[in-house]
There are 2 protein chains.
Amino acid sequence: MTETTTDRRADGRALKHVQVREYVRDLVAGAAPGAAAPSERELVAMFGVARMTVRQALDTLVTEGVLERIPGRGTFVARPQRNRGRISGFTEDLRRRGVLAESQTLLARREQAGPGVARALSLTEGDAVIHWRRLRRGDGTVVCVEDAYLTEILLPGFLQQGMPTSLYADLEARGLRPTWAEDSITADVAGPEEAALLEIEPGSVVLRHSRRAVSGEKVVEVSRSVYRADRFTLWLQICG
Amino acid sequence: MTETTTDRRADGRALKHVQVREYVRDLVAGAAPGAAAPSERELVAMFGVARMTVRQALDTLVTEGVLERIPGRGTFVARPQRNRGRISGFTEDLRRRGVLAESQTLLARREQAGPGVARALSLTEGDAVIHWRRLRRGDGTVVCVEDAYLTEILLPGFLQQGMPTSLYADLEARGLRPTWAEDSITADVAGPEEAALLEIEPGSVVLRHSRRAVSGEKVVEVSRSVYRADRFTLWLQICG
DNA sequence: TAGTGGTCTAGACCACTAT
DNA sequence: TAGTGGTCTAGACCACTAG
């Protein structure tokens, strides 16, 4: 398998292995997992190319998880990928469990980044950030208080547009869907303010979840959430 | 790039592209990012193989993120990957923080899978599993009790070999390094047995962490860990 | 036995980079 | 201009699977 940057020669002609690759990709799109793809020698005959060229095309599709090779048997449409999961936020996370997520904005304003937030967002202290505090409910009951900090310069008009239901859906619409994140999670007890918001006694057990979410090279979100331990289990998919 | 299952022919001779690949991997291990790797034609001359064979070897290392090709310039040791984070276990996790992880095996035996463990490991109830319970310390202080369940049939000789220091390092040596995992995390209070092991009062705050780790298609590990909340923060990298 | 993917050869021309 | 990786050819033999 070889990374192809352009897919085309300088003169505009499509590369042969790309032609074969895209032909097979189209052919196989929507086919049932386990369905047979054309054999390598069939493709050699169809396209009039060398077998190594066909193999280069198929190698890419195998690496992408589209095809699967079985020696002595053939090439087949791969089983559905187990792990094309996306990073999700509270709203999407709860929806996946069949729970309706609601949010009440407690605070949404422009602030100057303090030292901690600036470092986490890879900004300079004093840069403009959006601070968004929400009380979050699942099926109507209070579950979580979340403080999110966003880099204002990446999100023009964010505060003016009316706050979105799902932060991640909004980021996705801006092409800033997080591609990976660093999370840290601790168990703790609630302080008095948190307790009041979460409708629990101070000192009750809570789950603290901090996230630093990155889209490409840019840190798009830094957040701290406090969950009622009696009402929430954090569920994460980890990839290698 | 081609997946190689065996790395060896039936007669035991190493495949040529594997020889080249491992030679380059060793050569480059510990080299500074950006350092030049041997050129393809150099390797052709060194090993007396065809260039396609060398390319197959290097393709694998490029896909793995070890090397980087720059057309017209050469092949180089890849820059540190933004996101080649591997799923880590307790040992590796603590090592990354500069903390020495130690484990004391409380129990390591063959059992028949109960309904929960069987479902989590994608086995049938009654199938043989390895149950491994460890008390885990960081820099000498008690941090965690972990119960891990492993599919015995995937790990021949595991119990006989002497328990490894790091489960994940052992799995990696067997080609079963987890590629992704589903984790669920809650905050809770310690029960009496846990409290005794963790050297805390019953009712103290703990962090519970369950993991279902998958390597390729196989579920290789299911575990439940209980951490002292006052001594441990869980740190996870999430990918989309 | 026929077909499949896995490995491998010994060349070739191209576009690109560095000197 | 010399060297690099990118693409491509036209074969070959192997181990394995299936009918």
Side-chain angles (χ1 to χ4, degrees), chain A residues 1-24 27-28 34-63 65-78, chain B residues 1-24 27-28 34-63 65-78:
Chain A
M1 202 277 318
T2 302
E3 289 307 316
T4 308
T5 316
T6 60
D7 287 5
R8 304 205 155 262
R9 304 192 109 102
D11 61 15
R13 273 164 45 230
L15 298 170
K16 294 190 180 182
H17 78 263
V18 175
Q19 291 182 39
V20 176
R21 187 225 295 158
E22 296 310 317
Y23 168 81
V24 175
L27 194 69
V28 145
S39 78
E40 297 179 357
R41 287 164 179 88
E42 271 182 75
L43 292 166
V44 165
M46 286 180 57
F47 285 86
V49 297
R51 194 165 151 229
M52 287 304 297
T53 306
V54 168
R55 284 186 62 77
Q56 186 180 0
L58 298 186
D59 279 343
T60 304
L61 295 173
V62 168
T63 300
V66 174
L67 296 180
E68 183 181 8
R69 285 203 257 239
I70 304 181
R73 292 199 44 212
T75 306
F76 303 90
V77 180
Chain B
M1 200 279 316
T2 302
E3 288 308 315
T4 308
T5 315
T6 59
D7 288 8
R8 303 203 157 263
R9 304 192 110 103
D11 60 13
R13 274 164 44 229
L15 298 171
K16 294 190 180 183
H17 78 265
V18 174
Q19 292 181 40
V20 176
R21 186 226 295 161
E22 296 309 317
Y23 169 81
V24 175
L27 194 68
V28 144
S39 78
E40 296 179 357
R41 286 165 180 86
E42 272 182 76
L43 292 166
V44 165
M46 286 180 57
F47 285 87
V49 298
R51 195 167 149 228
M52 287 304 299
T53 307
V54 168
R55 285 185 63 77
Q56 186 180 1
L58 298 186
D59 280 342
T60 304
L61 295 172
V62 168
T63 299
V66 174
L67 296 180
E68 183 181 7
R69 288 203 254 238
I70 305 182
R73 291 197 48 212
T75 306
F76 303 89
V77 180

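Sequence lines set the chain letters: A, B, ... in the order given, protein chains first and strands last, and positions in each chain run from 1.
Considering only heavy atoms from C-beta on, A:Leu61 stays 4.5 Å or farther from A:Val28 through its side chain. Side-chain atoms of B:Tyr23 and B:Leu43, non-hydrogen and from C-beta on, do get closer than 4.5 Å to each other. Considering only heavy atoms from C-beta on, B:Val54 stays 4.5 Å or farther from B:Phe47 through its side chain.
Counting to the nearest Å, the P atom of D:dG6 and the CG atom of A:Leu15 are 12 Å from each other. One interatomic measurement links the two molecules: CZ of A:Arg21 to P of D:dG6, which rounds to 14 Å at whole-angstrom precision. When the P atom of C:dC13 is taken as reference, atom CZ of B:Arg51 falls 14 Å away, rounded to whole Å. Distance, A:Phe76 CZ to D:dT17 P: 12 Å, rounded to whole Å. Rounded to whole angstrom, the span from the CD atom of A:Gln56 across to the P atom of C:dG6 amounts to 15 Å. Rounded to whole angstrom, the span from the NE2 atom of B:His17 across to the C1' atom of C:dT9 amounts to 15 Å. Residue B:Arg55 contributes atom CZ, which lies 16 Å from atom P of C:dT7 at whole-angstrom precision. The distance between atom CG of B:Leu58 and atom P of D:dG5, rounded to the nearest whole Å, is 8 Å.
For A:Arg73, no side-chain nitrogen or oxygen approaches OP1 or OP2 of C:dG5 to under 4.0 Å. For the OP1/OP2 pair of D:dT4 and a distance below 4.0 Å, the side-chain nitrogens and oxygens of B:Thr75 include no atom meeting the criterion.
Rounded to the nearest 0.5 angstrom, A:Glu22 CD and A:His17 NE2 are separated by 9.5 Å. For the atom pair CZ of B:Arg55 and CE of A:Met52, the computed distance is 9.5 Å after rounding to the nearest 0.5 Å.
Non-hydrogen atoms lying under 4.0 Å from DNA chain C are contributed by A:Ser39, A:Glu40, A:Arg41, all within residues 37-50 of chain A.
Heavy-atom distances to DNA chain D give each of A:Ile70 and B:Ile70 a nearest nucleotide, and the one nearer the 5′ end belongs to B:Ile70. Nucleotides of DNA chain C nearest to B:Pro71 and B:Met52 differ in position, and the one nearer the 5' end is that of B:Met52.
Scanning for side chain to side chain donor-acceptor pair (under 3.5 Å) contacts around B:Glu68 gives an empty result, with sequence neighbours left out.
Taken together, the paired segments of DNA chain C that extend over three or more consecutive Watson-Crick or G-U pairs, each closer than 3.5 Å at both contacts, are C:1-18 with D:1-18.
Closest approach of A:Gly65 and A:Ala78 over heavy atoms only: O-CB, 3.3 Å.
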In sequence, state the C-alpha distance, the side-chain angles, and the governing distance for A:Leu67 and A:Val24, and then conclude on side-chain contact (heavy atoms from CB on, under 4.5 Å).
-> CA-CA 10 Å; A:Leu67 296 180; A:Val24 175; 4.0 Å; yes

